Amino acid sequence: MKKFLAFIICCVMAISAYSQVPKLKFHDGKFKILQLTDLHWVVSDSYKEKNDSTYNLIRKLIHTERPDVVIMTGDVVVSWNARKGWTRLLGLFEEEKMPFAVALGNHDEETDMTRDEIIEFIQPCPYNLTRDEVPELTGAGNCVLPVLSSDGKSEKWMLYLFDSRNIVTNRTFGYYDWIRHDQIDWYRGISDKVTKRYNKPLPSLAFFHIPFPEFETGRWTCAEFGNKLEGVCAPSVNSGLYSSFIEKKDVIGVFAGHDHNNDYMIDMDGNLAMAYGRKTGYPSAYEEKLPRGGRIINLFENEAAFETYVRDLQGTSLRYVFQQKNVGAMAPSFSGTFIQDFLADNWDDARWDKEMQMLKEAGMTNLIYAATMWTDPQGKTYSAYPSSLTKKKAQKRSFEKCLRSAQKNGVRVFVGLNFDDQWWKASADAEWLKAQMEKGNKIADEILALYKSSYPDALYGWYWTWEVANINELSKPENQTLLANALNINLDHLTKVSPEMPFMLSPYMNSKLEMGAEAYSKMWKSVFAQTHFRLGDIFCPQDCVGAGGLTLDNVGDWFAKMKQAVNSKPGLKYWGNVETFDQYSTSASLERVAKQLDIVNGYVGNLVCFSYCHYNSPFEVNADNHKAYCEYRKTGKLPKIEAPQAVSGVAVKKVAKGMQISWKPGNMDHVDGYSIYRNGELVRKLQVKAGKAPTSFTDKDGNMDSVYEVAAYNVLGKESAKVK
């Protein structure tokens with residue numbers, strides 16, 4: 001009878017405690033996770049000092065970081081009399097009023113408690129979030145933890161905990177166990193329900209103890225950064241969990257423990273990231289080389305992105321922001337665009353807001369503003385903000401309007417510093433280049449002083465405006481060093497004044513120049529080896545299809561070679577800059593841009609374009625460009641748009657500057673512009689802008705024997721019949 005009453009009391013306590021479990025939610029858009037791993041707590045008087053050190057470290061990490069939840073990824077208490085160890089740790093979380101969850105490790109059951117008994121034992125703790133979501137699943141403690149919005153009305157993120165178990169008895173299949181199919185099916189079922197409920201995948205993280213095989217094989221394609229001081233002790237069997245994450249497109253971060261001398265991270269080209277936690281416990285299982293600590297993961301409430309870093313008693317390290325690419329899109333898509341300052345010279349706040357809202361509608365949150373100071377070919381210098389480096393009459397105010405609107409609309413701005421047209425001249429020597437870099441540092445200081453406190457979220461990163469191409473001069477080692485030194489002048493200064501702001505550069509690639517893709521890749525490897533790029537800085541080559549430097553046939557080869565160079569600089573992000581114009585400075589057809597996106601997307605971790613504001617904005621060109629792109633992004637298919645009506649009244653006459661071709665536009669439905677052909681070859685495209693249709697073109701290279709045709713085209717590039 002007493003045993004029965006005790007059982008009833010325990011059940012009531014457990015139910016009462018579970019009903020009081022705090023819900024995880026964002027606070028003013030912020031949510032922080034502290035990952036602890038491999039405490040290796042040993043209940044023994046001889047381990048008291050080490051256990052106390054572990055206990056004090058955890059408390060220090062909680063007090064310093066103030067996380068919203070602590071997640072322990074296994075090997076917590078690893079000795080006999082395990083209840084005593086768990087009791088002390090549970091007391092710490094209760095004292096700190098800190099929600100926590102546990103994904104069990106291989107050594108947790110090598111005690112006097114089974115896996116099921118451990119999960120049952122921690123249930124009554126009022127701050128425990130761990131539970132057996134489906135008791136029939138393989139293992140113990142498999143569960144999902146929703147993270148609610150700041151207002152508590154909807155789910156924003158999902159946190160999955162998997163039991164990766166211990167070892168297998170049949171050594172035909174290796175040593176460590178694998179996450180089983182029933183666990184994977186459980187995850188897939190929840191993922192499908194959540195995706196259906198919100199009509200999109202919710203960004204999610206996964207936590208377990210033993211890393212899956214991709215922690216090793218992922219390194220073969222994407223360079224890891226952080227410490228890799230031992231081999232990856234993963235299962236020999238790959239049960240398909242990683243491929244399920246890729247397929248479902250919701251889990252974008254995977255965090256494991258188990259290997260005590262590893263804390264590295266791999267960014268799998270923007271698809272997902274894999275990272276080890278930092279070993280937390282002071283008891284050593286073997287020779288251990290890393291200071292004890294934990295991993296911090298900061299989630300973004302309204303983005304599929306997170307920031308993570310390692311914290312130990314010496315401070316923080318390995319800070320990195322992961323952003324999922326192609327978020328919410330059914331096809332490869334842009335996360336941002338370049339904008340040139342001259343386009344926005346006369347924009348007021350209302351126009352800026354319209355442009356920002358247009359970018360958000362197209363799924364973009366990054367804007368690269370180039371440049372904030374420039375010197376024209378005549379040597380006159382202008383600035384886009386009130387600078388001490390320019391005369392008052394040469395100062396414009398477009399940059400602050402940009403920041404003000406970006407802050408309001410949730411857009412991040414990469415700030416282009418200075419540019420001087422003398423860059424293109426042979427007279428641009430080393431001393432001149434050094435002076436330009438130092439000038440850029442002064443501009444960065446001014447911009448931070450003027451705007452960082454007012455627009456902290458909008459003022460996000462830096463853009464290096466100096467355009468590098470695969471010219472033959474850069475095959476010389478001394479010129480590679482000169483380029484690296486120039487970059488370092490900016491990098492070293494920006495690291496001091498704004499270490500949290502990433503640095504981007506966007507070089508050019510031209511297959512018609514002397515240096516080919518292989519040599520250009522080796523050149524960048526040499527430059528990267530000499531430069532002081534930080535984790536999360538961005539190498540973003542132009543795909544050059546619009547300007548004609550590359551073609552759809554060879555652009556993939558060039559991006560593949562550039563990826564080899566990027567992989568030589570661990571932690572350097574690899575983005576692609578897709579050109580949305582053609583050689584006639586008109587908007588490229590969406591059919592061509594879709595092919596560019598598909599090719600470049602296969603090599604990079606994010607995509608931006610040059611330039612949506614110039615060539616796709618409904619405030620600059622035919623609104624069908626923006627409308628068609630948004631539909632393509634949403635459906636993954638090119639929209640069906642009829643070919644436009646043919647022109648009429650085509651006439652040709654000799655004028656002083658060549659041959660003038662004129663025509664009468666037909667019905668303007670679906671007309672994006674006109675193609676002019678001479679003797680069957682395209683010689684010019686003219687675009688409809690601001691609702692005005694061009695009606696003539698003068699061909700300076702034509703003559704009286706030339707035969708001309710004119711066709712109207714739509715935003716897909718589909719043409720009407722040609723009219724002679």
Side-chain angles (χ1 to χ4, degrees), residues 302-303 323 327-329 333-374 382-385 396-416 447 451 454-463 465 504 506 540 546 575 577-581 585-588 590 593 597 606-634 672 687-692 715:
N302 296 308
E303 294 182 63
Q323 298 167 289
V327 180
S333 60
F334 303 122
S335 73
T337 179
F338 283 77
I339 186 171
Q340 290 177 303
D341 51 277
F342 67 82
L343 180 70
D345 274 350
N346 299 315
W347 290 2
D348 58 14
D349 287 332
R351 173 62 186 274
W352 270 110
D353 283 345
K354 287 181 180 180
E355 292 282 341
M356 294 291 184
Q357 290 157 16
M358 176 266 298
L359 292 177
K360 294 296 288 291
E361 186 180 15
M364 298 188 216
T365 55
N366 299 305
L367 184 69
I368 303 100
Y369 188 103
T372 50
M373 188 172 294
W374 62 100
Y382 303 86
S383 62
Y385 71 98
K396 303 178 182 181
R397 301 299 177 105
S398 58
F399 181 61
E400 184 170 8
K401 293 175 186 176
C402 171
L403 290 179
R404 184 160 54 238
S405 182
Q407 184 77 19
K408 176 181 176 182
N409 290 284
V411 172
R412 297 184 175 117
V413 178
F414 288 81
V415 184
I447 286 173
Y451 303 123
S454 298
Y455 311 109
D457 299 323
L459 194 59
Y460 180 75
W462 304 105
Y463 170 59
T465 60
M504 177 193 293
S506 186
C540 182
W575 289 15
N577 178 5
V578 172
E579 294 179 343
T580 60
F581 61 91
S585 296
T586 55
S587 304
L590 181 57
V593 170
L597 281 166
N606 213 336
L607 294 157
V608 295
C609 65
F610 189 97
S611 160
Y612 206 88
C613 294
H614 294 254
Y615 298 105
N616 299 79
S617 169
F619 312 111
E620 290 293 321
V621 297
N622 183 350
D624 283 353
N625 284 276
H626 174 62
K627 182 180 178 182
Y629 172 76
C630 289
E631 184 177 342
Y632 171 68
R633 184 178 179 275
K634 182 178 180 180
D672 193 44
Q687 192 165 10
V688 176
K689 292 190 176 182
K692 295 181 180 180
V715 297

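Treat the numbers as computed from the prediction; the structure is a model and nothing was measured.
- Residue Cys402 comes nearest to Val413 through the heavy atom pair SG-CG2, 4.1 Å, listed as atom of the first residue, atom of the second, then distance.
- Every residue two or more places apart in sequence or in another chain that forms a salt bridge (charged side-chain N to carboxylate O under 4.0 Å, His left out) with Lys408 is listed here: Asp353.
- Residues Thr465 and Ala370 come closest through the heavy atom pair CG2-CB, 4.5 Å.
- When all heavy atoms of Ser333 and Ala329 are compared, the pair lying nearest together is OG-CB, 3.3 Å.
- The side-chain hydrogen bond (donor to acceptor under 3.5 Å, both in side chains) check on Gln323 picks up nothing, with sequence neighbours excluded.
- Minimum interatomic distance between Ser587 and Gln687 (heavy atoms only, all atoms of both residues): OG-NE2, 2.7 Å.
- Not counting sequence neighbours, the partners of Tyr455 by the side-chain hydrogen bond (donor to acceptor under 3.5 Å, both in side chains) test are Glu400.
- Distance check, rounded to the nearest 0.5 Å: SG of Cys613 to CG of Leu367 gives 6.0 Å.
- For the residue pair Met373 and Ser383, the shortest heavy atom distance occurs at CE-CB, 3.9 Å.
- Considering CG of Asp672 and CG of Leu590, their distance stands at 10.5 Å, rounded to 0.5 Å.
- Taking OH of Tyr385 as the start and CD1 of Ile447 as the end, the distance is 5.0 Å to the nearest 0.5 Å.
- Between the side chain of Asp348 and the backbone N or O of Ala350 there is at least one donor-acceptor pair closer than 3.5 Å.
- Judged as a salt bridge (charged side-chain N to carboxylate O under 4.0 Å, His left out), and not counting sequence neighbours, the contacts of Glu303 are Arg412.
- When all heavy atoms are compared, the tightest approach of Ser335 to Val608 is OG-CG1, 3.9 Å.
- Judged as a ring-ring contact (aromatic ring centres under 6.0 Å, His included), and not counting sequence neighbours, the contacts of Tyr369 are Phe399.
- In terms of the ring-ring contact (aromatic ring centres under 6.0 Å, His included) criterion, residue partners of Tyr612 (sequence neighbours excluded) are, by chain and number, His626, Tyr629.
- Note that CZ of Phe610 is 12.0 Å distant from SG of Cys540, once rounded to the nearest 0.5 Å.
- Listed by chain and residue number, nothing satisfies the side-chain hydrogen bond (donor to acceptor under 3.5 Å, both in side chains) test with Thr372 (two or more places apart in sequence, or in another chain).
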Could you give the side-chain donor-acceptor pairs of residues 338-347 under 3.5 Å, partners two or more places apart or in another chain?
{"residue": "Asp341", "atom": "OD1", "partner": "Ala371", "partner atom": "N", "Å": "3.2"}
{"residue": "Asp345", "atom": "OD2", "partner": "Lys396", "partner atom": "NZ", "Å": "2.9"}
{"residue": "Trp347", "atom": "NE1", "partner": "Leu343", "partner atom": "O", "Å": "3.3"}

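- Considering CG of Asn366 and CZ of Phe334, their distance stands at 13.0 Å, rounded to 0.5 Å.
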Exercise for the section: Under the side chain to side chain contact (heavy atoms under 4.5 Å, CB included) rule, what do Lys401 and Arg404 come out as? Steps first, then yes or no, please. Expected result: CA-CA 5 Å; Lys401 293 175 186 176; Arg404 184 160 54 238; 3.6 Å; yes
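- In this structure, CE in Met356 is found 9.5 Å from CE in Met358, a value given to the nearest 0.5 Å.
- For Phe414, the ring-ring contact (aromatic ring centres under 6.0 Å, His included) partners are Tyr460, not counting sequence neighbours.
- Residues that satisfy the salt bridge (charged side-chain N to carboxylate O under 4.0 Å, His left out) test with Asp457, not counting sequence neighbours, are absent from this structure.
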Hey, can you pull the donor-acceptor pairs under 3.5 Å for the side chains in residues 616-623, sequence neighbours left out?
{"residue": "Asn616", "atom": "OD1", "partner": "Thr580", "partner atom": "OG1", "Å": "3.4"}
{"residue": "Ser617", "atom": "OG", "partner": "Glu355", "partner atom": "OE1", "Å": "3.4"}
{"residue": "Ser617", "atom": "OG", "partner": "Glu355", "partner atom": "OE2", "Å": "3.1"}
{"residue": "Ser617", "atom": "OG", "partner": "Phe619", "partner atom": "N", "Å": "3.1"}
{"residue": "Glu620", "atom": "OE2", "partner": "Arg351", "partner atom": "NH2", "Å": "2.9"}
{"residue": "Asn622", "atom": "OD1", "partner": "Asp624", "partner atom": "N", "Å": "3.0"}
{"residue": "Asn622", "atom": "ND2", "partner": "Val671", "partner atom": "O", "Å": "2.9"}

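- Applying the side-chain hydrogen bond (donor to acceptor under 3.5 Å, both in side chains) rule to Trp575 yields no partners; only residues at least two apart in sequence or on another chain are considered.
- Between the side chain of Thr337 and the backbone N or O of Ser611, no donor-acceptor pair lies under 3.5 Å.
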